[in-house]
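Only one structure is covered here, and it is reproduced in the block below.
Sequential numbering from 1 along the given sequence is applied to the chain's residues. FYI, side chains are in, hydrogens and waters are out, and symmetry mates aren't considered; it's all heavy atoms of this structure. Just so you know, ligand 1 is whichever comes first in the structure, and atom 1 is the first atom listed for that ligand.
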Amino acid sequence: MSAHLLLVEDDAAQRGLVAGLLRGAGYTVLEAESQPAAEALLSEPSLSLVISDFKLAEGDGLGLLQSVRRLRPELSFVLVTAYGSIEHAVAAIRAGADDYLAKPFERQALLLAVDKALRTRALREETRRLAADLDARERLVDLVGRAPSMQRLYRRIEKLAPTEATVLVQGESGTGKELVARALHRLSRRAGGPFVAVNCAAIPEGLIEAEFFGAEKGAYTGAGAARAGYFEQAQGGTLFLDEIGELPLALQPKLLRALQEGRITRVGGRGEIALDLRVVAATNRELAREAAEGRFREDLYYRLAVVTLTLPPLRERREDIPLLVEQFAARAARLHGLPAVGIPKAVLRALMDRPWPGNVRELGNAVERLLLLAEDEPSLDDLPGAPRATAASRFELPAEGLDWENLERSLLEQALQRAQGNRSQAARLLGLPYKAFLYRLEKFGIGG
Ligand SMILES: Nc1ncnc2c1ncn2[C@@H]1O[C@H](COP(=O)(O)OP(=O)(O)OP(=O)(O)O)[C@@H](O)[C@H]1O
Ligand SMILES: [Mg+2]
C-alpha cells in the first residue's frame with residue numbers, strides 16, 4: 001500500500017506541481033491550502049506524513065506542526081521554508097518536525113526527505129510498540145481497577161501466586177477470571193513454563209478423558225498416534241481449567257484423583273506420569289451451591305476450592321468505570337487506527353449508571369462500538385439498547401410494591417413466548433447475556 005501524504009501549501013500552482021511529483025513517485029496525496037483545512041484532514045487514519053509550507057494564507061506551518069504533535073503524534077512532519085529563513089527551520093525541528101526543506105527544492109531532495117521521514121516514522125512506531133509490549137509484560141497484572149475490592153484481590157494474587165495452592169477463581173461472566181488466572185501464572189515460579197487454558201465446556205464429553213490425560217496409540221478408534229493431554233502440555237507451568245462447573249460428573253472423580261495424587265495415566269497406557277504443575281480453575285457458577293445440590297462432586301469442589309478468589313461484578317465497583325473506559329478507548333483507537341478522542345462527561349455518566357450484566361467484557365465492547373460509530377465525538381445514541389434503558393428507567397415501582405420473583409418469572413416467560421421459544425432472541429429481548437438468561441431459566445425451572 002502506498003503511503004498517504006498530506007501536502008499543505010496555499011499557492012495552488014506550487015501545490016499542484018509538488019503533488020504531481022509525489023504522485024509520480026507512487027504516493028497517495030491529500031491536499032490542503034490552509035492550517036484549518038489541513039487540521040480537518042488529520043483524522044484521516046491512513047495518513048503517514050505531513051509536508052507543510054511554513055507560510056500559509058491562513059495559519060502557518062508551525063501552528064499546524066503543534067496540532068499534529070498533539071492530535072497525531074505518530075505522524076511524520078516535514079516543514080518547507082523559504083530559502084534563507086533558517087530560523088524557521090530551527091524552530092520547526094525544535095517543535096518536533098522530522099525534517100525541513102528549503103525552497104526552491106529539487107525533485108530528488110523532496111523524495112529523499114519524504115522517504116527519510118517515513119522511515120523515521122516506522123522506526124518510531126516500532127520503538128513505541130516494543131516499549132508498550134515491555135510495559136504490558138512487566139506490569140503486575142493486566143487487571144485495571146482501583147476499587148478496594150480490586151486492591152484486596154491484587155494483594156491476594158501476589159500472595160498466592162508463588163505458592164503451589166490450587167486456586168478457584170469465581171465471578172460472573174466477563175469479570176476478568178481468565179486475567180486473574182494468567183496473573184497467577186505470570187507471578188509464579190513457573191512463569192517461564194506454559195500456560196494451558198482449557199475450556200471444560202467446549203470439549204465433547206466422549207473426548208474429555210483423552211484430551212485431559214492423553215492417549216496411547218490405538219487406545220480408542222481414531223487414536224492413530226500417542227498423544228499428550230492438557231496435563232502433560234502444562235508440565236512445568238499452569239493448567240487453567242476454565243468453566244470447571246461444566247465438567248461432566250462422570251469425569252470428576254478422575255480429575256480429583258489426578259489432583260490428589262499428582263500423577264496421571266494416559267488413556268490406554270500403563271505407566272504413570274508425575275505432574276509438576278499448578279492448577280487454577282474458574283467458574284461463573286456458584287460452585288458451592290452446585291455441589292450442595294448434587295450437580296458437582298463435593299469432594300472435587302473442596303479439593304479445588306482450597307483457596308478461592310472472587311471477582312466483584314462491575315456494578316459493585318462503578319468507581320473503576322472511568323479508568324476502564326479510558327483504557328478501552330485507547331485500545332480501540334490503537335486497534336482501529338482511530339484518532340484518540342475524549343469521552344464526553346454525559347456519556348461517561350451514562351456508562352457509570354448502567355447495570356453491565358456482562359461486566360468488563362460488555363463495557364469493553366460498548367466503548368469500542370462508541371468509538372467506531374462516533375461522528376465527531378462518542379454519543380449516547382450509539383450505546384447498545386439505549387432506548388430500552390430509558391424505558392426501564394420510566395418503569396415505576398407501584399406504591400404497594402411488587403413480587404420480584406413473580407415479575408422476573410413472568411418476564412422470562414413472556415420473552416420466550418414472544419421469541420417463539422428462541423432462547424437467544426428471548427435473551428436479547430430482556431437485554432440479558434445468553435448465559436445469564438439460561439441461568440435464570442434454570443433458576444425458575446422454565447423451559448425444560
Ligand atoms: N479488571 C479488568 N481490567 C481490564 N480488563 C478486564 C478486566 N476484567 C476483565 N477485563 C477484560 O474483559 C474481558 C473478559 O475478561 P475475562 O475473559 O478474563 O473474563 P471471564 O471472567 O473469564 O469471563 P467468562 O466467564 O465469560 O469467561 C477480557 O477482554 C479482559 O481483558
Ligand atoms: Mg473466561
* **salt bridge (Lys or Arg N to Asp or Glu O under 4.0 Å): pairs with one or both residues in residues 163-175, sequence neighbours excluded** => Glu164-Arg189, Glu164-Arg190, Glu172-Arg315

* Asked: Just checking, is any N or O donor in the side chain of Glu39 or Gln35 under 3.5 Å from an acceptor N or O on the other one?
  -> yes

Does a side-chain N-to-carboxylate-O contact under 4.0 Å join [X] and [Y]?
| X | Y | answer |
| --- | --- | --- |
| Glu243 | Arg285 | no |
| Glu74 | Arg72 | yes |
| Asp115 | Arg119 | yes |
| Glu408 | Lys443 | yes |

Considering only N or O atoms, set out every pair between ligand 1 and the protein closer than 3.5 Å, with distances to one decimal place.
| residue | atom | partner | partner atom | Å |
| --- | --- | --- | --- | --- |
| ligand 1 | 1 (N) | Val144 | N | 3.4 |
| ligand 1 | 1 (N) | Val144 | O | 3.0 |
| ligand 1 | 1 (N) | Arg317 | NH2 | 3.3 |
| ligand 1 | 3 (N) | Val144 | N | 2.7 |
| ligand 1 | 8 (N) | Thr175 | O | 3.4 |
| ligand 1 | 17 (O) | Arg361 | NH2 | 3.2 |
| ligand 1 | 18 (O) | Lys177 | N | 3.3 |
| ligand 1 | 18 (O) | Glu178 | N | 3.0 |
| ligand 1 | 18 (O) | Leu179 | N | 3.3 |
| ligand 1 | 19 (O) | Gly176 | N | 3.2 |
| ligand 1 | 21 (O) | Thr175 | N | 3.3 |
| ligand 1 | 21 (O) | Gly176 | N | 3.1 |
| ligand 1 | 21 (O) | Lys177 | N | 2.8 |
| ligand 1 | 21 (O) | Lys177 | NZ | 2.9 |
| ligand 1 | 22 (O) | Glu178 | N | 3.3 |
| ligand 1 | 23 (O) | Gly174 | N | 2.8 |
| ligand 1 | 23 (O) | Arg361 | NH2 | 3.4 |
| ligand 1 | 25 (O) | Lys177 | NZ | 2.7 |
| ligand 1 | 26 (O) | Ser173 | OG | 2.6 |
| ligand 1 | 26 (O) | Gly174 | N | 3.4 |
| ligand 1 | 26 (O) | Arg361 | NH1 | 2.8 |
| ligand 1 | 26 (O) | Arg361 | NH2 | 3.4 |

